[in-house]
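Just below is one structure, and these are the notes that go with it.
Every chain is numbered from 1, with letters handed out A, B, ... down the list of sequences.
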Amino acid sequence: MKFEYKVQGGDFVRAGHASSEVKKILKQLNVEPSLVKRVVVALYEAEVNIVAHAYNGMAYVDIDASRVLVRLDDNGPGISDIELAMQPGFSTASSTVREMGFGAGMGLPNIKSNSDEFSISSEVGKGTHLEFVVYLNSK
Amino acid sequence: MTVLDIIKSLGLKVYTETVGMDREITGGYTSDLLSDVMGNAQAGTVWITLQTHINIVAVASLKDIAAILLVKGLEPEPNTLQKSLEEGIPILGTSKQAFEISGMLYQLLYSNR
């Protein structure tokens, strides 16, 4: 099953829409709650990253019996140093975004720790591509 | 102990009277960083925070938080309130600051163990 969701940069009111939809779908599919949680936490963080940093983007969610594969592509400023961006606590978020309780530099580490496979690539001035997989069979 | 029990025991204000009152409380989590809550809060907890914007409802809903408790007399923004009613997440309030109300909730939940 494949689903796709638009994510609009700067639109904090709708941030979490894709995660909330995917949560409903996974619940209907009777996926184990702890796995649902891992998927939605990772997806929420990825959505917020696009809202906080990029101009717009898409979330593609592909579910089969063995795994949930999520791809997020955005048009945005990109990340010049991914290793640095992956460090817990590092953030380039604006002060407005930080005052909302985002931008603590925990987003990317949270995505990585909640997924079984994780990859990120980025081109400065173009955008960022992020992909993660959560296995549905305990392994 | 349910959401309604802690409202009565701690004298909390209720912004969302129609939802989630009989949900069982398993603990508390005090934080104003949304990613921290996303990463670390457990299902069924009361989330104590000063954040009042709409995203707290998304985080609470995704994490199966039992109730959001706003400190220092802060009130939820109108769209936060509306979203919480839709999602069935109770929003509570207290005039106390986070340290004090966290301590009171801790006592209430764990003092008899």
Given that the side chain runs from C-beta out, which part of B:Ile54 has a heavy atom under 4.5 Å from chain A: side chain, backbone, both or neither? side chain

Considering only heavy atoms and a distance below 4.5 Å, find which of B:Asn40, B:Asn55, B:Asn79 pairs most often with chain A. B:Asn55

Got a sec: does the NZ of A:Lys37 have more than 12 other heavy atoms crowding it under 6.0 Å? yes

Closest contact, heavy atoms only, A:Ala15 versus B:Ala58: O-CB, 4.2 Å

In Å, rounded to the nearest 0.5 Å, how long is the span from CG of B:Asp36 to CE of A:Met106? 4.5 Å

Heavy-atom closest contact (B:Ser35 atom, A:Gly107 atom, distance): OG-N, 4.1 Å

Rounded distance [0.5 Å steps], CE in A:Met100 versus CG in B:Asp32: 13.0 Å

Taking all non-hydrogen atoms of both residues into account, name the closest pair between A:Lys23 and B:Leu62 and its distance. NZ-O, 3.6 Å

Same apolar cluster: B:Leu85 and B:Val3, side chain cutoff 4.5 Å: no

Would B:Val59 and A:Tyr5 show up in the same hydrophobic cluster when neighbours are defined by side-chain heavy atoms closer than 4.5 Å? yes

According to a 4.5 Å side-chain heavy-atom criterion applied to Ile, Leu, Val, Met, Phe, Trp and Tyr, with indirect links allowed, do A:Phe132 and A:Met86 form part of one hydrophobic cluster? yes

So does B:Glu24 have more than 12 non-hydrogen atoms from other groups sitting under 6.0 Å from CD? yes

Max heavy-atom pairs within cutoff under 4.5 Å with chain B, candidates A:Val40, A:Asn114, A:Val48, goes to A:Val40

Looking at B:Tyr106, I'd like to know if its OH atom is crowded, meaning that more than 12 non-hydrogen atoms belonging to other residues, nucleotides or ligands lie closer than 6.0 Å. no

Minimum-distance pair of heavy atoms, taken over all atoms of A:Asn110 and B:Met38: ND2-CB, 4.3 Å

Tell me whether A:Val7 is reachable from A:Tyr60 by hopping between hydrophobic residues (I, L, V, M, F, W, Y) whose side-chain heavy atoms are closer than 4.5 Å. no

Rounding to 0.5 Å, atoms CZ (A:Phe102) and CD (B:Gln51) come to a distance of 8.5 Å

